[in-house]
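Read through the structure below, which is laid out as C-alpha coordinates, and then see the notes.
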There are 2 protein chains.
Amino acid sequence: MATPKTASAAPPLPDLPLDDDKTVELADMFKMLGDPSRLRIVTATLAGPRAVGEIAAALGLSVSLVSHHLRLLRATRLVSAERRGKQVFYRVHDQHVARVIADMIAHVNEDAE
Amino acid sequence: MATPKTASAAPPLPDLPLDDDKTVELADMFKMLGDPSRLRIVTATLAGPRAVGEIAAALGLSVSLVSHHLRLLRATRLVSAERRGKQVFYRVHDQHVARVIADMIAHVNEDAE
DNA sequence: ATAACAATTGAATATATATTCAATTGTATG
DNA sequence: CATACAATTGAATATATATTCAATTGTTAT
(Lines give C-alpha, C1' and ligand atoms only; values in the text may rest on other atoms or scores of the structure.)
Protein backbone atom coordinates (compact mmCIF):
# COMPACT_ATOMS: atom_id res chain seq x y z
CA MET A 1 0.00 0.00 0.00
CA ALA A 2 2.94 2.32 0.54
CA THR A 3 5.01 3.92 -2.19
CA PRO A 4 7.30 1.29 -3.66
CA LYS A 5 11.04 1.70 -3.68
CA THR A 6 11.50 1.48 -7.44
CA ALA A 7 9.48 4.12 -9.25
CA SER A 8 9.56 4.23 -13.03
CA ALA A 9 7.23 4.68 -15.98
CA ALA A 10 4.29 2.26 -15.86
CA PRO A 11 3.78 0.29 -19.04
CA PRO A 12 0.17 -0.26 -19.99
CA LEU A 13 -1.52 -3.41 -18.75
CA PRO A 14 -4.83 -4.76 -19.97
CA ASP A 15 -7.58 -3.05 -18.03
CA LEU A 16 -9.86 -5.72 -16.69
CA PRO A 17 -13.22 -4.84 -15.20
CA LEU A 18 -11.54 -4.61 -11.82
CA ASP A 19 -11.20 -1.31 -10.02
CA ASP A 20 -9.68 -1.29 -6.55
CA ASP A 21 -12.96 -1.68 -4.70
CA LYS A 22 -14.07 -4.64 -6.79
CA THR A 23 -10.67 -6.24 -6.41
CA VAL A 24 -10.88 -6.11 -2.65
CA GLU A 25 -14.42 -7.42 -2.75
CA LEU A 26 -13.33 -10.26 -5.01
CA ALA A 27 -10.36 -11.07 -2.83
CA ASP A 28 -12.61 -11.18 0.21
CA MET A 29 -14.74 -13.85 -1.41
CA PHE A 30 -11.73 -15.91 -2.39
CA LYS A 31 -10.38 -15.49 1.11
CA MET A 32 -13.58 -16.95 2.50
CA LEU A 33 -13.06 -20.09 0.41
CA GLY A 34 -9.38 -20.12 1.28
CA ASP A 35 -9.84 -21.78 4.64
CA PRO A 36 -10.33 -25.58 4.66
CA SER A 37 -13.03 -25.52 7.33
CA ARG A 38 -14.97 -22.79 5.56
CA LEU A 39 -14.59 -24.48 2.20
CA ARG A 40 -16.01 -27.69 3.68
CA ILE A 41 -18.87 -25.73 5.20
CA VAL A 42 -19.74 -24.07 1.91
CA THR A 43 -19.59 -27.32 -0.03
CA ALA A 44 -21.85 -28.87 2.61
CA THR A 45 -24.51 -26.30 1.77
CA LEU A 46 -24.21 -26.77 -1.99
CA ALA A 47 -26.89 -29.43 -2.30
CA GLY A 48 -29.51 -27.65 -0.21
CA PRO A 49 -30.25 -25.87 3.08
CA ARG A 50 -28.37 -27.31 6.04
CA ALA A 51 -28.76 -26.60 9.73
CA VAL A 52 -25.72 -25.44 11.68
CA GLY A 53 -25.61 -28.48 13.96
CA GLU A 54 -26.06 -30.74 10.98
CA ILE A 55 -23.04 -29.24 9.27
CA ALA A 56 -20.97 -29.34 12.43
CA ALA A 57 -21.74 -33.00 13.04
CA ALA A 58 -21.09 -33.98 9.44
CA LEU A 59 -17.74 -32.23 9.32
CA GLY A 60 -16.59 -33.03 12.83
CA LEU A 61 -16.33 -29.39 13.84
CA SER A 62 -17.70 -27.61 16.88
CA VAL A 63 -20.99 -25.78 16.51
CA SER A 64 -19.31 -22.63 17.72
CA LEU A 65 -16.64 -22.76 15.08
CA VAL A 66 -19.14 -23.45 12.33
CA SER A 67 -21.28 -20.56 13.48
CA HIS A 68 -18.32 -18.21 13.51
CA HIS A 69 -17.44 -19.21 9.98
CA LEU A 70 -21.03 -18.96 8.80
CA ARG A 71 -21.20 -15.42 10.11
CA LEU A 72 -18.22 -14.49 7.93
CA LEU A 73 -19.64 -16.33 4.93
CA ARG A 74 -22.94 -14.55 5.39
CA ALA A 75 -21.22 -11.17 5.67
CA THR A 76 -19.53 -11.85 2.32
CA ARG A 77 -22.88 -12.96 0.88
CA LEU A 78 -21.62 -16.37 -0.01
CA VAL A 79 -24.38 -18.01 2.02
CA SER A 80 -27.76 -16.90 3.30
CA ALA A 81 -29.65 -17.98 6.39
CA GLU A 82 -33.24 -18.88 7.12
CA ARG A 83 -34.63 -19.69 10.55
CA ARG A 84 -37.02 -22.63 10.92
CA GLY A 85 -37.99 -23.17 14.53
CA LYS A 86 -34.93 -23.64 16.65
CA GLN A 87 -32.66 -24.36 13.77
CA VAL A 88 -31.10 -22.03 11.26
CA PHE A 89 -30.60 -23.31 7.75
CA TYR A 90 -27.87 -22.07 5.49
CA ARG A 91 -27.59 -22.30 1.73
CA VAL A 92 -25.26 -20.94 -0.94
CA HIS A 93 -26.33 -17.47 -1.91
CA ASP A 94 -26.18 -17.93 -5.67
CA GLN A 95 -24.95 -20.19 -8.45
CA HIS A 96 -21.70 -18.43 -9.23
CA VAL A 97 -20.16 -19.71 -6.03
CA ALA A 98 -21.06 -23.26 -6.94
CA ARG A 99 -19.55 -22.86 -10.37
CA VAL A 100 -16.37 -21.34 -9.02
CA ILE A 101 -15.90 -24.26 -6.67
CA ALA A 102 -16.67 -26.72 -9.46
CA ASP A 103 -14.07 -25.11 -11.69
CA MET A 104 -11.45 -25.25 -8.99
CA ILE A 105 -12.24 -28.91 -8.35
CA ALA A 106 -11.71 -29.53 -12.05
CA HIS A 107 -8.43 -27.72 -11.79
CA VAL A 108 -7.25 -29.88 -8.92
CA ASN A 109 -8.46 -33.11 -10.51
CA GLU A 110 -6.76 -32.43 -13.81
CA ASP A 111 -3.55 -31.72 -11.98
CA ALA A 112 -3.75 -35.17 -10.42
CA GLU A 113 -3.46 -36.94 -13.75
CA MET B 1 -32.56 -40.93 17.14
CA ALA B 2 -33.13 -41.66 13.53
CA THR B 3 -36.45 -39.82 13.21
CA PRO B 4 -36.19 -36.12 13.98
CA LYS B 5 -38.96 -34.43 15.96
CA THR B 6 -39.23 -31.51 13.61
CA ALA B 7 -40.44 -32.48 10.16
CA SER B 8 -37.47 -31.49 8.09
CA ALA B 9 -36.77 -33.79 5.18
CA ALA B 10 -33.00 -33.41 5.04
CA PRO B 11 -31.27 -35.29 2.25
CA PRO B 12 -27.84 -36.69 3.10
CA LEU B 13 -24.81 -34.46 2.68
CA PRO B 14 -23.46 -34.49 -0.85
CA ASP B 15 -20.30 -36.44 -1.26
CA LEU B 16 -18.28 -34.30 -3.58
CA PRO B 17 -14.94 -35.48 -4.93
CA LEU B 18 -13.28 -33.78 -2.00
CA ASP B 19 -11.24 -35.79 0.44
CA ASP B 20 -9.25 -33.98 3.08
CA ASP B 21 -6.12 -33.63 1.00
CA LYS B 22 -7.95 -32.21 -2.00
CA THR B 23 -9.88 -29.84 0.21
CA VAL B 24 -6.71 -28.39 1.65
CA GLU B 25 -5.20 -28.16 -1.82
CA LEU B 26 -8.30 -26.37 -3.08
CA ALA B 27 -8.35 -24.02 -0.12
CA ASP B 28 -4.70 -23.19 -0.72
CA MET B 29 -5.51 -22.05 -4.23
CA PHE B 30 -8.40 -19.93 -3.09
CA LYS B 31 -6.23 -18.51 -0.36
CA MET B 32 -3.72 -17.39 -2.98
CA LEU B 33 -6.44 -15.40 -4.74
CA GLY B 34 -7.74 -14.14 -1.41
CA ASP B 35 -5.19 -11.38 -1.07
CA PRO B 36 -5.82 -8.16 -3.04
CA SER B 37 -2.18 -7.73 -4.06
CA ARG B 38 -1.90 -11.32 -5.23
CA LEU B 39 -5.22 -11.16 -7.05
CA ARG B 40 -4.04 -8.06 -8.92
CA ILE B 41 -0.79 -9.80 -9.77
CA VAL B 42 -2.56 -12.85 -11.15
CA THR B 43 -5.00 -10.78 -13.20
CA ALA B 44 -2.03 -8.81 -14.54
CA THR B 45 -0.65 -12.05 -15.98
CA LEU B 46 -3.95 -13.13 -17.51
CA ALA B 47 -3.39 -11.46 -20.87
CA GLY B 48 0.11 -12.77 -21.38
CA PRO B 49 3.59 -13.16 -19.90
CA ARG B 50 4.63 -10.21 -17.74
CA ALA B 51 7.97 -9.39 -16.19
CA VAL B 52 8.19 -8.90 -12.44
CA GLY B 53 9.24 -5.27 -12.64
CA GLU B 54 6.53 -4.62 -15.20
CA ILE B 55 3.89 -5.93 -12.85
CA ALA B 56 5.30 -4.06 -9.88
CA ALA B 57 5.33 -0.74 -11.73
CA ALA B 58 1.85 -1.21 -13.13
CA LEU B 59 0.34 -2.08 -9.77
CA GLY B 60 2.34 0.37 -7.69
CA LEU B 61 3.91 -2.37 -5.59
CA SER B 62 7.54 -2.96 -4.68
CA VAL B 63 9.45 -5.50 -6.74
CA SER B 64 10.28 -7.36 -3.55
CA LEU B 65 6.66 -7.74 -2.57
CA VAL B 66 5.64 -8.87 -6.03
CA SER B 67 8.43 -11.41 -6.09
CA HIS B 68 7.40 -12.77 -2.70
CA HIS B 69 3.85 -13.18 -3.89
CA LEU B 70 4.91 -14.74 -7.18
CA ARG B 71 6.90 -17.32 -5.30
CA LEU B 72 3.78 -18.36 -3.41
CA LEU B 73 1.68 -18.34 -6.58
CA ARG B 74 4.28 -20.48 -8.32
CA ALA B 75 4.39 -22.91 -5.41
CA THR B 76 0.62 -23.35 -5.73
CA ARG B 77 1.04 -23.78 -9.48
CA LEU B 78 -1.23 -20.86 -10.27
CA VAL B 79 1.48 -19.19 -12.33
CA SER B 80 4.61 -20.39 -14.09
CA ALA B 81 7.86 -18.57 -14.75
CA GLU B 82 10.17 -18.32 -17.71
CA ARG B 83 13.49 -16.50 -17.75
CA ARG B 84 14.37 -14.30 -20.73
CA GLY B 85 17.67 -12.56 -20.25
CA LYS B 86 17.63 -10.53 -17.09
CA GLN B 87 13.90 -10.57 -16.76
CA VAL B 88 11.59 -13.32 -15.56
CA PHE B 89 8.17 -13.54 -17.15
CA TYR B 90 5.18 -14.96 -15.38
CA ARG B 91 1.93 -16.25 -16.82
CA VAL B 92 -1.13 -18.05 -15.48
CA HIS B 93 -0.47 -21.75 -15.32
CA ASP B 94 -3.69 -22.93 -16.95
CA GLN B 95 -7.14 -21.80 -18.04
CA HIS B 96 -9.10 -23.00 -15.02
CA VAL B 97 -7.68 -20.17 -12.98
CA ALA B 98 -8.77 -17.65 -15.58
CA ARG B 99 -12.28 -19.10 -15.63
CA VAL B 100 -12.53 -19.11 -11.86
CA ILE B 101 -11.61 -15.44 -11.74
CA ALA B 102 -14.03 -14.66 -14.55
CA ASP B 103 -16.86 -16.40 -12.71
CA MET B 104 -16.14 -14.50 -9.53
CA ILE B 105 -16.08 -11.23 -11.45
CA ALA B 106 -19.51 -12.12 -12.80
CA HIS B 107 -20.62 -12.80 -9.28
CA VAL B 108 -19.46 -9.42 -8.04
CA ASN B 109 -20.87 -7.57 -11.02
CA GLU B 110 -24.30 -9.14 -10.65
CA ASP B 111 -24.33 -8.17 -7.03
CA ALA B 112 -23.83 -4.56 -8.04
CA GLU B 113 -27.13 -4.42 -9.91
C1' DA C 1 -41.73 -20.25 34.76
C1' DT C 2 -38.51 -23.86 33.91
C1' DA C 3 -36.09 -26.90 31.15
C1' DA C 4 -34.00 -28.55 27.01
C1' DC C 5 -32.28 -27.68 22.55
C1' DA C 6 -30.02 -24.73 18.82
C1' DA C 7 -27.21 -21.16 17.63
C1' DT C 8 -24.79 -16.85 18.38
C1' DT C 9 -21.43 -14.09 20.59
C1' DG C 10 -17.26 -12.34 23.12
C1' DA C 11 -12.85 -12.89 24.91
C1' DA C 12 -8.51 -14.96 24.83
C1' DT C 13 -4.81 -17.09 22.40
C1' DA C 14 -1.87 -19.11 19.28
C1' DT C 15 -0.63 -19.14 14.72
C1' DA C 16 -0.33 -17.41 10.03
C1' DT C 17 0.92 -14.01 6.93
C1' DA C 18 1.46 -9.52 4.31
C1' DT C 19 4.77 -6.05 3.99
C1' DT C 20 9.26 -3.65 4.44
C1' DC C 21 14.16 -3.28 4.29
C1' DA C 22 18.74 -4.93 3.42
C1' DA C 23 21.55 -8.11 1.33
C1' DT C 24 22.38 -11.36 -2.32
C1' DT C 25 22.11 -13.92 -6.69
C1' DG C 26 21.73 -14.03 -11.67
C1' DT C 27 22.47 -11.79 -16.20
C1' DA C 28 24.15 -8.89 -19.75
C1' DT C 29 27.31 -5.31 -21.20
C1' DG C 30 31.14 -1.60 -20.62
C1' DC D 1 36.75 -7.46 -14.01
C1' DA D 2 33.37 -4.07 -12.77
C1' DT D 3 29.08 -1.87 -13.16
C1' DA D 4 24.29 -1.73 -13.79
C1' DC D 5 19.97 -3.96 -14.08
C1' DA D 6 16.43 -7.56 -12.63
C1' DA D 7 14.83 -10.53 -9.39
C1' DT D 8 15.17 -13.43 -5.33
C1' DT D 9 15.79 -14.17 -0.55
C1' DG D 10 15.98 -13.70 4.59
C1' DA D 11 14.91 -11.45 8.69
C1' DA D 12 11.99 -8.67 11.34
C1' DT D 13 7.52 -6.94 12.43
C1' DA D 14 2.92 -5.75 12.66
C1' DT D 15 -1.43 -7.34 11.71
C1' DA D 16 -4.94 -10.72 10.70
C1' DT D 17 -7.32 -14.71 11.81
C1' DA D 18 -8.66 -19.60 13.03
C1' DT D 19 -9.91 -22.03 17.00
C1' DT D 20 -11.46 -22.87 21.83
C1' DC D 21 -14.16 -22.09 25.86
C1' DA D 22 -17.71 -19.90 28.51
C1' DA D 23 -21.64 -17.28 28.59
C1' DT D 24 -25.82 -15.72 26.36
C1' DT D 25 -29.78 -15.32 23.24
C1' DG D 26 -33.59 -17.39 20.81
C1' DT D 27 -37.04 -21.14 20.34
C1' DT D 28 -40.21 -24.82 21.59
C1' DA D 29 -42.41 -27.60 24.80
C1' DT D 30 -43.74 -29.15 29.56
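Reminder, nothing fancy here: chain letters follow the sequence lines and each chain counts from 1. Side chains are part of it too, since the values below use all heavy atoms of this structure and drop only hydrogens, waters and symmetry mates.
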Here the distance between atom P of D:dA16 and atom CZ of B:Arg38, to the nearest Å, is 15 Å
Taken to the nearest whole Å, CD/A:Glu54 to P/C:dC5 is 18 Å
B:Ile41 CD1 to C:dT19 C1', in whole Å, measures 12 Å
**Message:** For the base of C:dT9 and the side-chain ring of A:His68, does the geometry meet a stacking cutoff of under 5.5 Å between centres and under 30° between planes?
**Reply:** yes
Out of D:dT8, D:dA18, C:dT8, minimum distance to the side chain of B:Val52 belongs to D:dT8
Separation of C:dA7 atom P from A:Phe89 atom CZ, nearest Å, is 8 Å
inquiry  = So that I can tick it off, tell me whether B:Arg40 and A:Asp20 are bridged by a salt bridge, with the cut-off set at under 4.0 angstrom between side-chain N and carboxylate O.
reply    = yes
Of B:Val88 and A:Ser62, the one whose nearest nucleotide on DNA chain D sits closer to the 5' end is B:Val88
Flag this pair as yes if the NZ/CZ of A:Arg50 is under 6.0 angstrom from the six-membered ring centre of A:Tyr90 and inside a 45 degree cone about the axis; otherwise no.
no
Ranking C:dT19, D:dA18, C:dC5 by distance to the side chain of A:Lys86, first place goes to C:dC5
Here the distance between atom C1' of C:dA7 and atom NE2 of A:His69, to the nearest Å, is 15 Å
Per side-chain contact (heavy atoms from CB on, under 4.5 Å), A:Val79 is matched among A:Leu73, A:Leu72, A:Ile41 by A:Leu73
Here the distance between atom P of C:dA12 and atom CG of A:Leu65, to the nearest Å, is 19 Å
note: A:Leu39, atom CG; D:dA18, atom P; distance rounded to Å ~ 13 Å
* Touch check for B:Ser64, heavy atoms < 4.0 angstrom, all strands: base, sugar-phosphate only, or nothing? -> base
Under the side-chain contact (heavy atoms from CB on, under 4.5 Å) rule, what do A:Val63 and A:Val52 come out as? Steps first, then yes or no, please.
-> CA-CA 7 Å; A:Val63 176; A:Val52 178; 4.0 Å; yes
When rounded to whole Å, the CZ to C1' distance for the pair A:Arg83 and C:dA7 reads 6 Å
(Q) At less than 4.0 Å, is any side-chain N or O atom of A:Ser67 found next to OP1 or OP2 of C:dT8? Yes or no. (A) yes
Is the shortest side-chain N/O distance from A:Tyr90 to OP1 or OP2 of C:dT8 below 4.0 Å? yes
With B:Met32 as partner, the option from B:Val42, B:Leu39, B:Leu78 fulfilling side-chain contact (heavy atoms from CB on, under 4.5 Å) is B:Leu78
B:Ser37 has its side chain closest, among D:dT19, D:dT8, C:dT19, to C:dT19
